[in-house]
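Here the structure comes first, spelled out in structure tokens, and everything after it is commentary.
Naming convention: chains lettered A, B, ... in sequence-line order (proteins, then strands); numbering from 1 in each chain. Values below: all heavy atoms of this structure, side chains included; hydrogens, waters and symmetry mates excluded.
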Amino acid sequence: MTVRVRIAPSPTGPLHIGTARTALFNYLFARREGGTFILRMEDTDVARSTIEYEKDILDSLHWLGIDWDEGLEVAGMPAKGPYGPYRQMQRLDRYAAVAQTLLAEDKAYYCYCTQEELAADRMAQQAAHQPPHYVGRCAHLTPEEQRAKKAQGRKPVIRFRVGEGVVAFDDIVRGRVEIDTTALGGDLIIVRSDGTPLYHFSVCVDDVDMAITHVIRGEDHLSNTPKHILLFRALGAEVPQFAHLPLILNPDRTKMSKRKSQTAVADYRAQGFIPEAFVNFLALLGWSSGTEEEIFTLDELAQRFELSSVHSAGAVFDRERLEWLNGQWIRKLSDEELVERCLPFLMHDLEKVRDEGGVVHMPTTEDLRPLVPIIRERLPMLAAIGPLVDFLFVEEVTVEPDMLIPKRWDAAAAADALKAARGVIAKVGEVSFEADELEAPLRALAEERGWKAGDLFMAIRVAVTGRTATPPLFDTLVALGYERSLQRLDAARETLDALAA
RNA sequence: GCCGCAUUCGUCUAGAGGCCCAGGACACCGCCCUCUCAAGGCGGAGAUCACCGGUUCGAAUCCGGUAUGCGGUACCA
């Protein structure tokens with residue numbers, strides 16, 4: 001039997017970290033087993049679903065490198081696979097037909113209870129310290145009773161008969177799980193009064209229709225699994241294997257939520273995390289290779305992934321670790337890749353400067369390429385590119401006068417130092433402006449005047465970049481160029497002079 | 001409340017009866033490197049393996065209970 005797995009997001013929000021991780025594990029399992037990975041859209045919650053969210057989900061999955069063998073149309077390509085449509089709203093007829101079959105077999109029935117009746121039931125149960133459940137008022141209505149209720153204008157829902165007994169299954173990550181049907185809350189609604197199917201029902205119908213062999217999903221569905229098993233049986237289908245993944249948690253160990261964490265994959269992308277790192281990180285949330293290696297490409301993960309070695313305890317989303325991994329992966333990028341991926345982030349920052357009235361030169365990949373060696377190990381995220389090199393592309397830097405003055409100096413001393421440094425730099429530049437040529441004479445200057453070289457360098461650094469943390473000074477000066485370096489030194493000295501006066 | 005699942009350094013985890021008075025990684029601290037920031041190297045601190053009982057010559061590993069946490073309990077998915 002060939003493995004068929006699926007991810008079934010609902011477009012009621014941007015792609016969530018948890019959904020992405022579930023998608024990843026399904027994908028890895030399919031790759032590893034030579035199976036088929038299917039993408040289906042669960043869009044029956046019409047009130048909350050939007051096309052924008054759907055687009056975000058598809059884009060984000062694509063960004064992560066998780067592509068599907070079967071399912072929704074991708075980037076202009078038609079839907080793939082013989083089991084479509086893969087969008088639940090296009091399968092409504094199918095659910096209705098299956099519901100009718102269940103009705104005909106008396107595995108389900110029409111329920112005419114009103115919201116008020118149900119609420120009253122719940123209240124009474126609560127008062128009696130009973131678990132909330134459907135009392136079965138409509139479970140055995142005679143045709144006359146049905147007609148009477150209908151005559152009152154009530155729109156029925158369809159409920160599935162849950163029955164009695166214990167449902168047991170062997171979860172691939174958790175082992176044997178047994179749940180008594182009395183814990184299920186009574187006969188469950190499978191079709192709303194407006195005729196649309198509910199999640200528990202549609203998911204089973206789809207899984208049967210799409211011949212899903214393994215249901216790999218979040219632990220939050222563990223308690224729902226008996227309902228699904230009962231439905232699979234009622235449908236006369238083989239029950240798939242289940243694997244319930246540990247939840248991804250907020251730092252306070254509750255289920256990861258928008259309120260407490262950043263949950264949208266797109267947000268991480270926007271901050272300059274790269275997919276290689278993100279996928280690597282996600283894979284290590286709840287799974288480990290069993291070795292001490294932890295840097296893996298998607299392909300390497302697919303080679304090693306074992307569903308049975310997935311953990312069962314929840315995992316806190318540790319952003320620091322993500323950033324570390326991201327840095328690791330950024331350092332592995334080729335020069336070309338790095339330049340290409342950084343450029344949009346730099347442009348974004350510079351556009352902001354321009355919008356605020358600054359004069360900027362928009363960088364090209366050629367501008368960035370020579371900078372690679374000095375930025376590569378300074379980027380925990382691509383978005384860190386701006387503060388690192390933006391001074392190269394703005395007409396004028398804004399310099400905090402305070403930052404220009406090293407701790408043991410005053411304004412006059414700093415002005416003096418910058419003036420002297422300007423002289424040295426100007427002289428070097430007359431011949432050739434190279435990083436190697438600059439260091440020695442500037443150090444000599446510091447020694448001659450009795451300054452700490454670090455103090456001198458810091459004053460120059462701030463004068464030229466406006467920042468205290470930059471790539472190495474001499475590389476920075478060279479990148480800036482001879483003329484502009486001197487100009488900025490002069491400008492800084494002037495502000496210092498004004499301060500000293 | 002009821003049902004279910006879980007519990008190894010702050011975090012991610014290794015560990016499937018003796019190799020473990022518990023290993024790795026992130027974060028943290030120190031040192032080295034060093035013009036700042038990083039990166040890198042070296043070292044350190046950090047877990048009575050939730051607790052209590054049991055099985056066993058021997059338990060983080062098996063069993064039972066307790067506690068705590070989380071999840072589920074919708075005409076949401």
Side-chain angles (χ1 to χ4, degrees), chain A residues 8-10 12-13 19 42-45 47-49 111 113 115 118 122 125-126 128-133 155-159 171 174-175 177-180 182-186 188-194 196-200 202-203 218-226 244 246-247 249 251-255 281 284-295 309 311-325 327 331 374-380 384 387-388 439 442-443 446 452-458 460-462 465 467-474 476:
Chain A
S10 42
T12 52
T19 311
E42 303 203 330
D43 53 358
T44 56
D45 186 350
R48 294 193 297 147
S49 296
C111 169
C113 294
Q115 302 277 11
L118 263 17
R122 253 191 300 273
Q125 288 157 3
Q126 205 170 18
H129 296 288
Q130 287 177 326
H133 61 279
K155 287 262 192 188
V157 299
I158 300 175
R159 300 190 98 110
D171 190 277
R174 266 145 234 281
V177 177
E178 298 184 356
I179 298 177
D180 195 292
T182 55
L184 266 31
L188 61 110
I189 300 176
I190 57 174
V191 177
R192 293 184 182 93
S193 50
D194 69 1
T196 57
L198 247 19
Y199 168 75
H200 295 306
S202 55
V203 77
E219 191 199 331
D220 45 354
H221 284 296
L222 190 63
S223 305
N224 292 326
T225 302
H244 286 92
L247 258 22
L249 274 21
D252 66 2
R253 306 202 75 88
T254 53
K255 181 164 109 173
F281 175 74
L284 263 19
L285 237 35
W287 176 81
S288 96
S289 68
T291 70
E292 284 179 359
E293 293 172 274
E294 45 192 0
I295 310 284
S309 52
H311 304 254
S312 36
V316 173
F317 186 95
D318 181 4
R319 191 191 164 95
E320 305 246 36
R321 197 168 151 80
L322 207 210
E323 286 188 16
W324 171 76
L325 263 173
R331 266 161 252 143
I374 61 175
I375 58 174
R376 159 160 261 137
E377 63 267 21
R378 276 169 255 264
L379 293 173
L388 228 41
E439 182 162 1
L442 283 170
R443 279 190 191 282
K452 299 269 283 185
D455 288 344
L456 207 218
F457 294 168
M458 183 52 85
I460 301 172
R461 163 177 291 112
V462 172
T465 66
R467 299 179 186 281
T468 52
T470 69
L473 216 216
F474 312 110
T476 300

**OP:** Considering only atom P, compute the distance from B/C62 to B/G18 and round it to an integer number of Å.
**Re:** 12 Å

**OP:** Give A/R461 one of three labels, base, sugar-phosphate or nothing, depending on what nucleic acid heavy atoms sit under 4.0 Å from its own.
**Re:** base

Subject >> C1' gap between B/G40 and B/A77, integer Å >> reply: 47 Å

Original post:
When rounded to the nearest Å, what value does the distance between C1' atoms of B/G72 and B/G54 take?
Top reply: 32 Å

Original post:
At under 4.0 Å between heavy atoms, what does A/A315 touch on the DNA or RNA strands: base, sugar-phosphate, or nothing?
Top reply: sugar-phosphate

Original post:
How is A/T182 classified with respect to the nucleic acid when contacts are heavy atoms under 4.0 Å: base, sugar-phosphate, or nothing?
Top reply: nothing

Subject >> Pairwise C1' distance, B/C19 and B/G53 [rounded to whole Å] >> reply: 28 Å

**OP:** Give one of base, sugar-phosphate or nothing for A/H133, where a contact means two heavy atoms less than 4.0 Å apart.
**Re:** nothing

Original post:
In terms of side-chain heavy atoms, does A/R192 have a donor or acceptor partner in A/T196 at a distance below 3.5 Å?
Top reply: yes

Original post:
Using a cut-off of 4.0 Å on non-hydrogen atoms, how would the nucleic acid contact of A/T470 be classed: base, sugar-phosphate, or nothing?
Top reply: base

**OP:** Remember a base hit wins even if backbone is also touched, and classify A/L247 as base, sugar-phosphate or nothing at under 4.0 Å, heavy atoms.
**Re:** sugar-phosphate

Subject >> Residues that A/F317 engages under ring pair (Phe, Tyr, Trp, His ring centres under 6.0 Å), provided they are two or more places apart >> reply: A/Y268, A/F281

**OP:** List for me each residue that meets salt bridge (Lys or Arg N to Asp or Glu O under 4.0 Å) alongside A/D194, sequence neighbours excluded, and say none if there are none.
**Re:** none

Original post:
When you compare B/C9 with B/C52, how far apart are their P atoms, in angstrom units rounded to a whole number?
Top reply: 16 Å

Original post:
Between A/R331 and A/P251, which is nearer to the 5' end of RNA chain B once each is assigned its nearest nucleotide?
Top reply: A/P251

Original post:
Does any N or O in the side chain of A/R467 come within less than 3.5 Å of the main-chain N or O of A/L388, such that one atom is a donor and the other an acceptor?
Top reply: no

Subject >> Identified pairing partner of B/G46, criterion: Watson-Crick or G-U wobble below 3.5 Å >> reply: none

Original post:
How would you label the contact of A/V316 with the nucleic acid (heavy atoms, under 4.0 Å): base, sugar-phosphate, or nothing?
Top reply: sugar-phosphate

**OP:** Using a 4.0 Å heavy-atom cut-off across all strands, classify A/S193 as base, sugar-phosphate, or nothing.
**Re:** base

**OP:** Have a look at A/G327 and say if it touches a base, only the backbone sugar-phosphate, or nothing, with a 4.0 Å heavy-atom cut-off.
**Re:** nothing

Original post:
How is A/D45 classified with respect to the nucleic acid when contacts are heavy atoms under 4.0 Å: base, sugar-phosphate, or nothing?
Top reply: sugar-phosphate

**OP:** Could you let me know what B/U68 is paired to, Watson-Crick or G-U wobble, both distances under 3.5 Å, or none if it's on its own?
**Re:** B/A6

Original post:
Hey, which of these two, A/E178 or A/S223, hits RNA chain B nearer its 5' end, going by closest nucleotide?
Top reply: A/E178

Subject >> Rounded distance in Å between the P positions of B/C12 and B/G17 >> reply: 25 Å

Subject >> Modelled atom types, side-chain donor and acceptor of A/S312 and A/H244, under 3.5 Å >> reply: no

Subject >> P-based separation of B/G41 from B/A27 [nearest Å] >> reply: 12 Å

**OP:** Looking at every strand, decide which applies to A/I179 at a 4.0 Å heavy-atom threshold: base, sugar-phosphate, or nothing.
**Re:** sugar-phosphate

Subject >> salt bridge (Lys or Arg N to Asp or Glu O under 4.0 Å) partners for A/D180, two or more places apart >> reply: none

Original post:
When the C1' atoms of B/G15 and B/U73 are considered, how many whole Å apart are they?
Top reply: 35 Å

Original post:
Which is true for A/S312 with a 4.0 Å heavy-atom rule: it touches a base, it touches only sugar-phosphate, or it touches nothing?
Top reply: sugar-phosphate

**OP:** Report the base-pairing partner of B/A25 (Watson-Crick or G-U wobble, both distances below 3.5 angstrom), or none.
**Re:** B/U11

Original post:
Quick one: how far along RNA chain B does chain A reach, first to last nucleotide 5' to 3', anything under 4.0 Å to a heavy atom?
Top reply: B/G1 to B/A77

**OP:** Name all residues meeting the salt bridge (Lys or Arg N to Asp or Glu O under 4.0 Å) criterion together with A/D455; count only those two or more places apart in sequence or in a different chain, and write none if there are none.
**Re:** A/R408

Original post:
Whom does B/A74 pair with, Watson-Crick or G-U wobble, provided both distances fall under 3.5 Å?
Top reply: none

Original post:
Using purine N1 to pyrimidine N3 plus N6-O4 or O6-N4 for Watson-Crick, or N1-O2 and O6-N3 for G-U wobble, both under 3.5 Å, which nucleotide pairs with B/C62?
Top reply: B/G54

Subject >> Atom CD of A/E377 with >12 non-hydrogen neighbours under 6.0 angstrom >> reply: yes

Original post:
Just checking A/H244: base, sugar-phosphate only, or nothing, at a heavy-atom cut-off of under 4.0 Å?
Top reply: nothing

**OP:** Would you please name every residue forming a ring pair (Phe, Tyr, Trp, His ring centres under 6.0 Å) with A/H133, sequence neighbours left out?
**Re:** none

**OP:** For A/L285, report the nucleic acid contact type (base, sugar-phosphate, nothing); a contact means any heavy atom under 4.0 Å.
**Re:** sugar-phosphate

**OP:** Name the pairing partner of B/U36, where a pair is Watson-Crick or G-U wobble with both distances under 3.5 Å, or state none.
**Re:** none

